[in-house]
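Have a look at the structure below before the remarks.
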Amino acid sequence: MFKRKFISALVALVATTPVLAYESSYNMPVGVTPISREVYALHMTMFWVCCAIAAVVFGVMIYSIIKFRKSAGAIPDKTLLHSTKMEAVWTTIPVIILIALAIPAARTLVTIEDTRNAELTVKITGYQWKWQYEYLGKDIAFYSTLSTDSNEARQLHSGIDVNTVKDYLLSVDHPLVVPVDTKVRILLTGNDVIHSWWMPDFGVKKDAIPGFINEAWFKVLKVGHYTGQCTELCGRDHGFMPIAVDVFSKEDFERWIAAQQAATKVAHAAPEPSPGEAIAMTSRP
Amino acid sequence: MKTVSTNNVSADRHDDHKPSGIGRWLFATNHKDIGTMYLVFSCIMFFIGGAMALAIRAELFRPGMQFFDPGFYNQMVTNHALVMIFGAVMPAFVGLANWMIPLQIGAPDMALPRMNNYSFWILPFAFTLLLGSLFTPSGGPAGGWTMYPPLSLQSGNSFPMMIFAVHLMGASSIMGAINVIVTILNMRAPGMSLLKLPLFCWTWLITAYLLIAVMPVLAGAVTMLLTDHYFGTSFFNPAGGGDPVMFQHIFWFFGHPEVYILILPAFGIVSEIIPTFSRKPMFGYDAMVYATASIAFLSFIVWAHHMFTVGMPLAGQMFFMMSTMLIAVPTGVKVFNWTTTMWKGSLSFEPPMLFALAFLFLFTIGGFSGLMLAIVPADYQYQDTYFVVAHFHYVLVPGAIFAIMAAVYYWLPKWTGTMYDMTLAKWHFWVSTVSVNVLFFPQHFLGLAGMPRRIPDYNVQFTDWNMVSSVGGFVFGFSQLVFVWVIIKAVRGGPPASAKVWDADMPGLEWSVPSPAPYHSFDTPPDVH
Amino acid sequence: MDHAQPAVAHDKYYVPHGSPWPFFGSVTLFILMVGAVMTLESGGIGQYVLGLGFLLLFGLFFGWFGTVIKENQAGIFNMQVDRSFRMGMSWFIFSEVMFFAAFFGALFYARQLALPWLSGEGAKHLTSVILWHDFEGGWPSNGPAHLGPSGSGSTFETIPALGVPLINTALLLTSGVTLTVAHHALRAGHRSVLKVFLALTFLLGFLFVFLQAREYHEAYTELGLTLSTGIYGSTFFMLTGFHGFHVTIGALMLLIIWLRTMNGHFTPQRHFAFEGVAWYWHFVDVVWLGLYIFVYWL
Ligand code: HEA
Ligand code: HEA
Ligand code: CUA
Ligand SMILES: [Cu+2]
């Protein structure tokens, strides 16, 4: 519990650091899940530790450069050949620092890997080049592709000013929809090649590997619209398979589910071949 | 021993007679000639790889697709990396090894001179094959330099060309490495014990061991790709009981030691230059040797830090996080030893020292970002973003490339016998150092703000930093023409350099021979005391 | 720490004169690779280019090694050169060990991690639940889609460890012994013993290759075991295949050493080529033991 407090204090501290907290273009997002916030805290801790070490090391270097210049008449002290004491010091101190850094990292990692007790499970399949979302046990499944206006603008010599396109390259036709304050487990796999599902604001990134299922989870604390991208090179249009998630309040989510289910009932298309079978069929290029 | 036929007549005359004509280069056995060929080749490759990088930076200058098709972008990224790593940095180090190791250990030449020539001449052919693939109907390899299946299996005619090119590069590197090992272990002048070996030789010896240990593994990995593609094997195909991630394990078992192959000789170079221009012996020589060995050892047990997001079991992630972090310790020892060598020295700032100092600062920054990447939960956010791109360019460009330039500026007078244009070289330094930071520092921001790597186009929020980075890229790229110009000028002529070259007290044997170094270095073993 | 060398080695250094073979060798490799690319991608004249490449490769070996042998017979190599050759050969063999390590690594990974995951054990429980419903895993396996020569659902048999592989083990181990006998004979100056045992060694080697080839034939025609029989076929044939290839090379080298012996080459003191080949042969032997244990037996 102390740890949680410590971390939130750290987050608060850092978040008030004017330049670095300037959301967006300089730093990692603090994000909207408990994990993303812990990760942000780890990131900032690492950053400051590195800064501190850099200050010391670079300080000595710069001092030497200024102080011991030949042009300023410095005489070399050739007796300074080695010192077991100093060497022991500068191996031990880094080891201690590293252990201190590894412990909170390991704790966070354990939490990240704990996918138990999820309230909702979504299976996500990466395709060249789109995502498929299946709500397990809810009979809802759909594809999510780059939105048309982005897709038109991104063509070579399209003549469209991309600055005028809303959420250029980050908007999709059908975003994933999840409820707020709910532990959502995602199961990832790939249909053709490896993709990777990254949602920076959730602190989640996991590869979608053909033939295997990877698991991850998130619990979003804030209703909103979030975007991310595929982060494993998956061919020609790797840059054009964004991820978008709409986080709804629990009630809105229930309503959304009901509407979707009604729609699927009407058009119950032939089921997709399961990725496993698809791999078996396309295994020979 | 007495019964041995001690016929030690050499087969070649040891005067300064150089073979003439093209045969001197095609049939070379002289370590200096071969070293020169390596260095020239590396320089050409640096410009080819750099031209590709500039193509990348041009496309990324602003959002929207300006110049090429996304597929071609991927080919540029893939070939940029392969050319830079296998064509520019590694051959440059081998070229330096060829030139300097025999001179530094008092040997006449490399131990296996013909194999030496073989390992060089394979390279131009290997790169003909690789770069030739760009002109096939389906274009060049586009699956990233990491060649992950199943994606890499989707490429067209370029696929086998890339695989065989990698095989050839591997063969060349293995032969080069064997040569270095044998030369250092067998050709040292009497009295030069291993712990008197110059640090450049030490780092190269250890690098050579890394090479012969991991290049065959890469050969194995790409062979499996080949058979998966053409002969129906299932190494990386889950339907047949394989696993695409298995490729990543094998690749990174090669790939991580590979990045130390790209930096250990650079450490060696810096360890030669800093003592010279601090006018003090290297502080903690023994510790430097042990640190290098520890880095090499650790490099074999950290590979999966490139694969934290593949869904490894928790214990695996923990292990690879901790082992990776440990590498900071021996690397830190090196940084501290360099710093202490400067402490109470008498520093002067000729171009080699300037580049070595830039190395010291900027490599350390790259090392810090490496350490951040090692923290698994944070790496979930960094992985495959520009933060990683920034990390590895910091250790590779102002790291490896700067060290190579430092080495060239350090030893060039010994090679040509003339002093190069110092003013121009300092201009080269300042423009490069400023622009390399303009080029790569903003990429940290881009990555943290959420820009994935290997994408040809991006959301408008990333525009500003990409523009800055591209401008830096073009300035950095074109400032390298100054480097080439300095070298060409020095080769053409200039004020003669003395045997010692630098105004300092250097223990190395290379400074005991005249400048330019005679065609045959040491006819008979020099005395080492 | 001072590994001072005998002074005699240092009277004067030896540096070979220029040689066309390395460059010729690079062109050869290039032609080989281009031939291989063409063969794989389109067939056609690719095979001829490949054939030409192999021809040149033989030319390369004969030419290059021939030169070195002549120089050696002329006695121009000193002890230092001899040592260089030895070190070069040992580290070359080490690199070969690492090449095999990659394939052994693949075997262990597939058996210990990939297959258990695919069948729902360990960390990736859901993999089998969702993707590969009733896959059992285990070893030997051709994977959840049962990839193999006759497609989905095909079965295959493995080669029992106690049959020909055991005989082959015996052959190789014996050949190791005969080679050692030959080496002792060489050192003791018993040339006739040397010749006989050297001949025995490579004959055993060729016999091994012959039996191996018959096994492959049986695997393909009767057992349903081919390169494309999932991960088992892949690891089995790549490991034993690369090994068999090395045995063939080793046996050819032994043959050449034998021919040289017949021509009166090698002295009791200096016979680097013999030792180099012997090391290579023992390396091939050790790899086989690994194969026998991990591929055939366990
Ligand atoms: C020359 C090449 C080079 C070098 C030297 C390094 C050095 C290091 N690298 Fe880097 N790395 C690459 C080249 C290199 N790397 C490349 C090419 C990639 C990407 C490949 C790809 O995906 O295409 C990569 C990717 C990469 C990743 C994967 C990122 C990802 O894809 O998600 C990681 C993760 O751990 C990592 C870590 C490290 C670490 C910990 C070091 C350490 O060795 C750094 C140690 C140095 C220091 C820490 C600084 C000096 C030390 C001190 C001053 C002592 C005190 C310090 C402390 C106690 C903190 N690297
Ligand atoms: C040693 C290795 C090395 C070196 C030196 C460099 C040098 C550079 N790199 Fe590279 N890079 C990698 C290794 C290296 N890189 C690797 C491993 C990757 C990952 C690939 C992957 O994802 O698979 C990568 C990826 C990479 C990317 C990411 C692409 C992406 O993910 O989409 C970018 C983008 O900016 C980039 C840029 C640059 C630039 C601008 C330079 C500059 O330093 C280059 C300097 C420029 C020149 C030297 C040009 C000189 C040319 C002229 C002056 C024009 C004249 C032309 C002729 C005469 C032909 N590199
Ligand atoms: Cu899908 Cu990248
Ligand atoms: Cu690494």
Side-chain angles (χ1 to χ4, degrees), chain A residues 24-28 39 42-43 46 50 57 60-61 64 68-70 74-78 80-82 87 90-91 94-95 98 102 105-106 108-109 112-113 154 156 162-163 168-170 193-194 196 200 205-207 209-211 214 229 231-239 279-280 283 285, chain B residues 63-65 69-71 144 148 150-151 153-154 229 237-239 244-245 279-281 283-284 287 309-311 314 317-318 322 325 328-329 332-333 335-336 339 342-348 360-361 368 372 375-378 380-381 383-384 445 448-450 452 454-457 459-461:
Chain A
S24 83
S25 66
Y26 288 95
N27 204 357
M28 186 188 283
V39 169
L42 276 174
H43 160 70
M46 285 299 298
C50 289
V57 181
V60 179
M61 287 179 195
S64 309
F68 307 117
R69 311 174 70 91
K70 181 160 175 271
I75 312 285
D77 174 1
K78 294 194 181 178
L80 203 63
L81 272 181
H82 88 117
E87 276 158 6
W90 65 50
T91 13
V95 171
L98 292 174
T108 306
L109 186 58
I112 290 179
E113 289 294 309
R154 66 108 175 167
L156 192 56
V162 298
N163 289 296
Y168 179 55
L169 296 184
L170 293 179
V193 300
I194 303 177
S196 188
K205 183 183 288 143
K206 205 60 147 203
D207 291 0
I209 297 166
N214 270 333
Q229 279 175 270
T231 46
E232 181 62 58
L233 180 59
C234 53
R236 201 174 166 279
D237 287 350
H238 158 63
I279 291 154
S283 60
Chain B
M65 297 302 292
D69 170 85
Y148 284 4
L151 180 63
L153 299 175
Q154 291 182 345
H229 192 293
N237 179 4
V245 173
R279 293 171 179 77
K280 253 180 76 198
F283 180 85
T309 59
V310 300
L314 180 62
Q317 302 191 47
M318 292 279 186
M322 314 276 178
M325 293 174 82
V329 177
V333 168
V335 172
F336 300 138
T339 312
M342 299 195 310
W343 185 258
K344 293 198 179 165
S346 170
L347 277 62
S348 63
L360 210 52
F361 283 90
F368 286 145
M372 296 173 74
I375 304 293
V376 184
Y380 284 164
Q381 294 285 51
Q383 150 73 221
D384 258 307
F445 302 145
L448 292 175
R454 294 167 164 176
I455 57 172
D457 194 6
N459 180 271
V460 295
Q461 83 191 67

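Residue numbers begin at 1 in each chain, while the letters A, B, ... track the order of the sequences.
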remark   = Whatever's closer than 4.5 Å to a heavy atom in chain B on A/Cys50 counts as both
task = Name the member of B/Ser346, B/Gly332, B/Gly311 that forms the most heavy-atom pairs with chain A at distances under 4.5 Å.
result = B/Ser346
request  = Mind ranking B/Leu360, B/Val335, B/Leu314, B/Val310 by heavy-atom pairs under 4.5 Å with chain A and telling me who comes out on top?
outcome  = B/Val310
note = One should read off an interatomic distance between A/His43 NE2 and A/Met28 CE, to the nearest 0.5 angstrom, of 4.5 Å
task = For chain A, find which of B/Asp457, B/Val460, B/Leu347 contributes the most heavy-atom pairs closer than 4.5 angstrom.
result = B/Leu347
ask   = With respect to chain B, which residue among A/His238, A/Arg236, A/His82 yields the maximal number of heavy-atom pairs within a distance under 4.5 Å?
value = A/Arg236
ask   = Given the options A/Asp237, A/Ile75, A/Val39, which has more heavy-atom pairs under 4.5 Å with chain B than any of the others?
value = A/Val39
request  = For B/Lys344, enumerate each residue passing the salt bridge (Lys or Arg N to Asp or Glu O under 4.0 Å) test, keeping only those at least two apart in sequence or located in another chain.
outcome  = none
request  = Indicate whether any N or O donor in one side chain lies under 3.5 Å from an N or O acceptor in the other, for A/Thr231 and B/Arg454.
outcome  = no
query = Is a side-chain N or O of B/Asn459 found less than 3.5 angstrom from the main chain of B/Gln461, in a donor-acceptor match?
reply = yes
Close side-chain approach of B/Val333 and A/Glu87, heavy atoms under 4.5 Å = no
task = Apply salt bridge (Lys or Arg N to Asp or Glu O under 4.0 Å) to A/Lys206 and list each qualifying residue two or more places apart in sequence or on a separate chain.
result = A/Glu113
key: Pick from B/Gly284, B/Gly345, B/Pro452 with the largest number of heavy-atom pairs that fall under 4.5 Å of chain A   = B/Gly345
task = Name the region of A/Ile194, side chain, backbone, both or neither, that has any atom closer than 4.5 Å to a heavy atom of chain B.
result = both
message = Under a 4.5 Å cutoff for heavy-atom pairs, which residue among B/Pro244, B/Gly71, B/Ala378 has the most contacts with chain A?
response = B/Pro244
inquiry  = What part of A/Asn214 gets within 4.5 angstrom of chain B, counting heavy atoms only: side chain, backbone, both, or neither?
reply    = side chain
key: Interface moiety of B/Tyr380 toward chain A, non-hydrogen atoms closer than 4.5 Å   = both
query = Of the listed residues (B/Met318, B/Met342, B/Gln381), which shares the most heavy-atom pairs with chain A below a 4.5 Å separation?
reply = B/Gln381
task = Check whether the side chains of A/Tyr168 and A/Asn163 place a donor and an acceptor atom closer than 3.5 Å, and report yes or no.
result = no
query = With only heavy atoms counted, which part of B/Pro63 is less than 4.5 Å from chain A, the side chain, the backbone, both or neither?
reply = both
ask   = In terms of heavy-atom proximity below 4.5 Å to chain A, should B/Met322 be classed as side chain, backbone, both, or neither?
value = side chain
B/Tyr148 side chain reached by A/Leu233 side chain, heavy atoms, under 4.5 Å = no
request  = Considering non-hydrogen atoms only, spot the tightest contact between B/Ile455 and A/Gly239 and give its length.
outcome  = CG2-CA, 3.5 Å
